[in-house]
Visitor: 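One structure coming up, written as structure tokens, with questions to follow.
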There are 2 protein chains.
Amino acid sequence: MTTNPSNTGLADKMRRGAVLAAACPSRKILNHVTSRWGVLVLLALGRGTHRFAELRRAVGGVSEKMLAQTLQCLEADGFVKRIAYPVVPPHVEYSLTPLGEELSIRVEGLTDWIEENLPRIMESRPVSE
Amino acid sequence: MTTNPSNTGLADKMRRGAVLAAACPSRKILNHVTSRWGVLVLLALGRGTHRFAELRRAVGGVSEKMLAQTLQCLEADGFVKRIAYPVVPPHVEYSLTPLGEELSIRVEGLTDWIEENLPRIMESRPVSE
DNA sequence: GTAAGTACACACTAAAAGGTAAGTACTATG
DNA sequence: CATAGTACTTACCTTTTAGTGTGTACTTAC
């Protein structure tokens with residue numbers, strides 16, 4: 001195990017710690033993914049195709065504006081696929097792309113761990129709130 | 001594979017989708033972890049113990065104020081251990097708790113995936129920026 | 001005919017997050 | 001003896017994020 005960052009190889013550093021550099025483009029993607037609603041939308045879509053209003057109900061507390069914004073952002077990153085049927089009233093379906101599926105697995109890994117370990121986490125917190 | 005969220009069992013829903021509920025306490029923890037600097041600090045500390053100034057240099061772009069705030073937050077959640085040696089000039093060491101180690105593995109899973117797939121992601125983006 | 005639902009966009013405002021600069025108390029280095 | 005380094009905190013200000021309310025164009029249910 002490395003206890004000091006300076007004893008990892010340079011190639012390894014480039015490969016695995018690039019996000020730590022401010023200028024790295026993966027920073028932007030990371031920020032989209034870990035945004036307040038991005039994580040939750042990815043999680044919800046991991047369970048299957050949803051319509052806009054369904055997503056809004058699934059993701060507790062999200063506003064229409066933020067949901068629309070988040071979806072557009074994730075779509076631009078290639079994680080979400082949007083299919084609009086030209087009918088009236090409008091019918092739009094959101095789902096994950098293959099890229100999005102892969103990503104949502106990692107996001108789920110994170111959120112599942114938090115949920116499962118919530119008792120341990122709460123326990124280790126000093127007091128209140 | 002479930003394509004519709006309504007055909008998952010209720011117990012399963014409770015266990016795996018609790019974050020989707022606005023009132024769930026795991027929401028708060030998730031927000032701490034996925035905060036702009038939280039992810040990066042967890043990542044940096046995953047490589048070993050760091051002093052404050054070392055962390056500041058490791059995490060590109062973070063200000064002293066935000067680093068201090070982030071560390072206090074992660075410490076309160078039980079992910080980070082702070083050891084202050086009563087010497088002058090001050091000497092403080094930050095490291096991950098066992099809980100933090102487990103968490104940082106999931107965070108790394110996410111960031112490593114993003115870094116590795118950055119070419120694919122950029123490719124799938126329509127244009128510019 | 002009125003209300004609700006569909007999938008948003010837009011304008012305006014409120015709140016939260018984050019940056020900058022300064023200060024602290026002391027030491028080591030040049 | 002001035003400068004830099006240590007680990008922060010505080011005040012102030014800017015930027016970003018998010019909420020609220022409105023409008024659209026049309027349909028279905030009551």
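These numbers come from the heavy atoms of this one structure, side chains and all, not from hydrogens, waters or symmetry mates. A note on names: the letters A, B, ... follow the listed sequences, proteins ahead of strands, and every chain is numbered from 1.
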Visitor: Using a cut-off of 4.0 Å on non-hydrogen atoms, how would the nucleic acid contact of B:Y94 be classed: base, sugar-phosphate, or nothing?
Guide: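 The answer is sugar-phosphate, as B:Y94 gets under 4.0 Å only of primed atoms, P, OP1 or OP2.
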
Visitor: Tell me the interatomic distance from B:R56, atom CZ, to D:dA4, atom P, rounded to whole angstroms.
Guide: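 One finds 16 Å between P of D:dA4 and CZ of B:R56, rounded.
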
Visitor: With a 4.5 Å heavy-atom cut-off, do A:R51 and A:H91 have their side chains touching?
Guide: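 Touching, per the 4.5 Å side-chain cut-off.
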
Visitor: Sort me out a list of protein N/O and nucleotides 26-30 of chain D N/O pairs below 3.5 Å, or just none if empty.
Guide:
none

Visitor: At 4.0 Å (heavy atoms only), tell me whether A:Q72 reaches a base, stays on the sugar-phosphate, or touches nothing.
Guide: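 Sugar-phosphate contact only.
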
Visitor: Please list every donor-acceptor pair under 3.5 Å in which a side-chain atom of residues 61-69 of chain A meets a protein atom from a residue at least two apart or in another chain.
Guide:
{"residue": "A:S63", "atom": "OG", "partner": "A:M66", "partner atom": "N", "Å": "3.3"}

Visitor: Do any N or O atoms from the side chain of B:E93 and from the backbone of B:T49 form a donor-acceptor pair under 3.5 angstrom?
Guide: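 The answer is no, because no donor-acceptor pair under 3.5 Å joins these two groups.
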
Visitor: Does the protein touch nucleotides 12-20 of chain C at the base, only the backbone, or not at all? Give it as B, S and - per nucleotide, heavy atoms under 4.0 Å.
Guide: ------BBB

Visitor: What is the distance from CZ of B:R82 to P of D:dA7, rounded to the nearest Å?
Guide: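 Interatomic distance, CZ of B:R82 to P of D:dA7: 10 Å.
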
Visitor: Using the salt bridge (Lys or Arg N to Asp or Glu O under 4.0 Å) rule, collect all pairs that involve residues 33-43 of chain A, keeping only residues at least two apart or in two chains.
Guide: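 Sorted result for residues 33-43 of chain A: empty, none.
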
Visitor: To check you understand the geometry: which heavy-atom pair defines the closest contact between B:V92 and B:A84, and what is its length?
Guide: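 Between these two residues, the closest heavy atoms are CG2-CB, 4.0 Å.
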
Visitor: Quick one: the dot-bracket string of DNA chain D, using Watson-Crick and G-U wobble pairs with both distances under 3.5 Å, [ ] for crossing pairs and | for bases paired to another strand.
Guide: ||||||||||||||||||||||||||||||

Visitor: Give the rounded distance in Å between these two atoms: CD of A:E54 and P of C:dT6.
Guide: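 Going from CD in A:E54 over to P in C:dT6 covers 9 Å.
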
Visitor: Show me the side-chain donor-acceptor pairs of residues 97-107 of chain B shorter than 3.5 Å, one per line, residues at least two apart or across chains.
Guide:
{"residue": "B:T97", "atom": "OG1", "partner": "B:G78", "partner atom": "O", "Å": "2.6"}
{"residue": "B:T97", "atom": "OG1", "partner": "B:F79", "partner atom": "O", "Å": "3.3"}
{"residue": "B:T97", "atom": "OG1", "partner": "B:L99", "partner atom": "N", "Å": "3.4"}
{"residue": "B:T97", "atom": "OG1", "partner": "B:G100", "partner atom": "N", "Å": "3.0"}
{"residue": "B:E102", "atom": "OE1", "partner": "A:W113", "partner atom": "NE1", "Å": "3.0"}
{"residue": "B:E102", "atom": "OE1", "partner": "A:R120", "partner atom": "NH2", "Å": "3.0"}
{"residue": "B:E102", "atom": "OE2", "partner": "A:R120", "partner atom": "NH2", "Å": "2.8"}
{"residue": "B:S104", "atom": "OG", "partner": "B:E101", "partner atom": "O", "Å": "3.3"}

